[in-house]
Each structure stands twice: as structure tokens, then as C-alpha cells.
Undergrad: 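This is the structure I have questions about; it appears just below.
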Amino acid sequence: MAGGICPVGVAVKRIMERLALAGSTLCFLAGSAFAVYSMGARTFRPSRASFWVVLAGFLLQTFFLSVRGEALGRCPLTNRFEVLVFLAWAMVLFYLLIGTAYRLSLLGLFTAPMALGIQGLALLVPGLDRLPQRVPAPNPWMEMHAALSVLAYGAFALAGVAGGMYLAQERQLKTHHLRSFFFGLPPIQDLAVANRRLVAVGFGLLTLGLLAGFAMGGWTAHWVKVAWSALVWLLYGGILVAVGGHRWGGRRVAWLSLWAIVAVLGTLWSLRFISNPAA
Amino acid sequence: MEILCLGLSHRTAPVELRERFAVSEGALPGAVQRLASTAGLGEAVIVSTCNRVELYVAAEESARGIRAAEAFVAAEFGVETAPDGAFFRLPTREALRHLFRVVSGLDSMVLGETEILGQVKKAYSSAQTAQATGRHLNKLFQRAFNVAKEVRTKTNITRGSVSVGSVAVELAEKIFGRLSECRVMILGAGEMSELTAGALKARGVRTIFVANRSYERAAALAESMGGRAVHFDRWQEEFDGVDILIGSTAAPHPVLTAAQLRPIMRSRMDRPLFCIDLAVPRDIEPGVNALEGVYLYDIDSLQAIAEHSMSIRRQDLQVCEQMIEKHVDEFQRWLGESRAWASGGLGAGKGPVAEGMGS
């Protein structure tokens, strides 16, 4: 790689990607501040500003990931730092795709703090971003497996966001205590639909990711990961089956998708995401 | 130039009096033309709604302007304005403030209602078409519309729903999103249920079922709403596809209980049910609110929400008044400057070309 030959070029690129990431984190910080302000103020006034802030954050994330990917010569999922950024990116991507229906709604306000949290963690925990000494030879199946899985977690994360909003909206409607920020929440039926669809999309992506993982071969060596992934797959599959049979209302799906993503993100941390023989 | 206002409103006069001075839409251009060409006046706008009749005029001198407007009222309606206290006569500063408050909905019966802005816009454009307005009133009304917009967007004065019907609509939209797919069932034809269903229909609800003890009454209401009448003892057969249930029967006991509803809800888990209970004694057992996907509101809770919105509006009244005061100051300054220009006091060369100076 050209970057490997010219150390100055590498340094410049490192600074550039850092700046992009810091910039995108600032965008999400602004989005979160706007969210806190809107909820603190007596009323919520839907604003396009929050959408544009999240979009700017997304573009900067994309820039970071592409620079990093170019430097690595592969999909940037080689350490926890990259996985976290990729996850935040995937979540925001789904917000932009699915949230267009609610572009002016609070979905963006809830997405921004979540992206801020994930990305802030990546930036603040020291020593996360160690570039591997030797970039492992890219295996297309492995890359596809990793990328699809993280995309799936992005969809699940946003499903959790929609679930949280559903629960907030439900509580207000049930108790008749309509706080002012009630004005900004999307209709509860739309939230239930978004919740279910995001779980379905995430489940599809996760299934494809797992299939790619099996195609990669050698999975018996990573049985912990395989078992964990199977559990996640079963968990979300179970939610989908219950939803499909009309056995569960939106409330239970919302709670489950919220707890599921908390559990998934919690345990994801303790797993080595990418099989890196060099590490 | 002075801006003056002579008028009466729901605050000063009962409807029996207001209606005597109302100017119909068709008569408005002629009346406003006559008012503008009354001796001593140059420009005029007449705002006539069911809550107010107000004459806005531009005159060289305050007392003479008011007298001219009064003379117009006497001639136009054949009634003296002086005897009772129904008419208010506002000099420039008060007139500006009054107009800004009116268009912002601060002087309306329902604080913050927005219909009045449209009515004033219509009145102004009618006066403009009749060539009754000039530089001062044009500028004033443009400014007033901007003030209304500013007040509306920067404060909570138009926020929330302040009537039972509109609260029900707002809640329905917070539950279902678009209402066009929703089916409404009315149990018990009454004035309240009719109003509420009417508000829902105005927002796109297409299917309405009406069930009433007296089938004739149900049929009549169903026809007026474009819905379908259902026999009262068979309403449960139609209930499966219903999204919004309005209860307003005179039944002494609940018509719908949680035990009845539980199995129905189980079969429609992913579709919420919005229950609006307008009846006293209540038609729907309060326990249904505990069922998943069921949102029950009785008349008290709807009224409480309406009152809460109203109190939010009232809290912002002060802020609105301050905004308006700022604009009153500004506009008065502009009036002063244009007066100075007109009299050649302030750098005559720079002033606007004399248009309609001195009537």
C-alpha cells in the first residue's frame, strides 16, 4: 500500500480520520443536546436541524470508515474501536433509511444520543484503536460475515430505540399525563410497525451474516462466538415468530427489543469480534 | 398620520348588538370604500366576524378621525355609536396593539385560535381590492400578519387542543397516525358524540357505524355523517374492525366491560383500540384501560387535557404581549418618521416620494 511506504501520508491520514470521527461525534453531541433541550423545554418543536446534524454526523462517519478501509485494504472491522464506529454508522444508516417517514420526529433525537454513546465509548476508552501489526489477509466471507452482522446489530439497536419510544408513548397515552414532548413522538402504531420491521430487517441481515460465517469455514475453532450468535439469532427469531402469530402486542415486542439490544451490546463487548490469527 | 380603531367585540357587546353592525362579505367592498372616502379619512379596513366588527382607519388627526368613523357608522347602520359603552375608540398606539393582539388570537374567545388571522387577511384583501387602503394601512396589516406568524411560531399560544373534540382527534392521531384507515363506532347518538365523530370525520375518518337504542335516531345520525346504522343489540357483531369507539349512551351500567373486551383484544393484538367515553354514568368500564393496546379516555380526562393546553397557552400570554409591544414601538416609530418626512422635517430629500400626502 502506498500509505505504508510514505509515513507522512499515513500520519496525515490518521489525523484526517481522527478529525472526521471527532467531528461526527460532535454532530451527535449537538443532536443529543438538542434532544435534551427539547425534552426539558415545555414543548417539543420538530425541527429539521436535528435531522441535518445527524446526517452530517453520518457523512463524517462514512468518511472515517472509508479512509480507514482504504488504509487497511479491507472492511474496517479489525478491532473493537472500528466495530463500535461501524455499529454506530449502521444504526444511523437505518435511521436515515427508515426514519425518513419520521424525519421530523423524535427518532433522530433518540438516535443521536445512542450514536454519541457508542462512538464516545470508542473514542474515550484508551487503547481500543490499536492498528494490528499485520493486516490479516482479507477473506471475503469473513468480511461479509462481519459487516452483515454489525449491520444487523445496527438495525437491532434502532429497533431498541423505536421500542423505547413506543414505551414512552404508551405510558403517556395510558396514564393521560401528556407531557409536552408528547407533541413530538410519532403515532404509537407507527412506532410498533417500525419496531417490528427493524427486528425483521436485522434478523434477515444476521441470518445472512451467519451463513457467510459458516461459509468461511473453521467455525468450530470459535465455538463461543458461534453459540453466542446462535443465541442472538434465536432470541430475535423468537420475537419475530411471536409477532408473526399476532400473539404479542407492541408492548412486549418493545420491551424485548430494548432488553435484547442491551444484552447483545453488553456481551458483544466481551467477545472478540473478528477472528484475527495475529492477535 | 394616525391609525385609529372604532369597533365592538365579544368583550364589549352581546351578540344581539354585534349582529346589528355586522357587514356581510358581499357588502364589504362597498362599505369599506365609503368609509375610506369619508371626509377626514384616507384609508380604511373593516373587519367583520361573528365576534367583532372593527373599523381601522388612517386619519390626519385623532379626534376628527374618530368622529368621521362614528359618522360613517351612524350613516351606514342608522344607529348612534355613542350611547352605550359597546364601542371602543382606540388612538394610534392602542389601535396598533389591538390589531396585533386580534390577529395573534389573544383577543379571541378561545385564546390562541387561528381562524381570526384568516378572517383579518380576507378583510384586508377585500379593502385592498376596493382600493380603500394606502401606504399606512398596507404597511400596518402586512406587519400585523408577520406579528401573528412570529407569535404563533415562537410561543405556545396556539399549542395543544382546547376542546373535547379536538383533544379526541389529537389523541387518535397519536395512536393511529393517519385516520383515513380508521373505523369509528358511536354507541348512543348524542350531541357530544356527534361533535366528536364530526371532528374525526373532518380529519379523514371514512367508516362510521352508529348504534342507538332508537334505530331511527341511529339511522338519522348515520345518514348525516355518511355512516351506517347498526341495531343496538347487534353492535358487538360489527365491533371487530372498529378502531375508535365513542360511548355516549344513557345506559345506567357499562355497555363494554374488560371481561368482554379481553378476548376481542387478544385476536387483534397489533391493532390498538381508542375508547372515548362521553357518557355519564360511564359506558365503558375503567378497567379496559389496563388491557394492552386499549386507550380509554372519559369526559373528565379529555376535559383535563383541554384545560391543560389552555393553561399552557395562558402561561405564554405575557411573552406574546411583550413581543407585540416591541412591534407596536417599532411601528409607531415608523409612523413618526413618515409623518416627519411628510412635513418635510427630516431631510426632505431622503424621504419617500409624497404619495397620498394629506388627504
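Order of the sequence lines fixes the chain letters, A, B, ..., with proteins taken first and strands second; residue numbering starts at 1 for each chain.
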Undergrad: What are the residues of residues 175-192 of chain B, in order of number, with any heavy atom under 4.5 angstrom from a heavy atom of chain A?
TA: I175(B), F176(B), G177(B)
Undergrad: Which pairs of donor and acceptor atoms, one on a side chain in residues 235-243 of chain A, lie under 3.5 Å apart (sequence neighbours left out)?
TA:
none

Undergrad: Considering only heavy atoms, which portion of L296(B) lies under 4.5 Å from any heavy atom of chain A: side chain, backbone, both, or neither?
TA: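 Backbone only.
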Undergrad: Indicate whether the side chain of Q61(A) and that of S24(A) have a donor and an acceptor atom separated by less than 3.5 Å.
TA: no
Undergrad: Is D277(B) salt-bridged to R282(B), cutoff N-O under 4.0 Å?
TA: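 No, no charged N to carboxylate O under 4.0 Å.
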Undergrad: Between V161(A), L158(A), N195(A), which is the residue that forms a side chain to side chain contact (heavy atoms under 4.5 Å, CB included) with S257(A)?
TA: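 Answer after filtering V161(A), L158(A), N195(A): N195(A).
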Undergrad: With a 4.5 angstrom heavy-atom cut-off, could you sort out which part of A290(B) is near chain A: side chain, backbone, both or neither?
TA: backbone
Undergrad: Could you list the residues that satisfy ring pair (Phe, Tyr, Trp, His ring centres under 6.0 Å) with F274(B), not counting sequence neighbours?
TA: Y297(B)
Undergrad: Who are the ring pair (Phe, Tyr, Trp, His ring centres under 6.0 Å) partners of F209(B), not counting sequence neighbours?
TA: none
Undergrad: Highest number of heavy-atom pairs under 4.5 Å with chain B: which of Q189(A), R251(A), K174(A)?
TA: K174(A)
Undergrad: Would you call R228(B) and E238(B) a salt bridge, taking side-chain N to carboxylate O under 4.0 Å as the test?
TA: yes
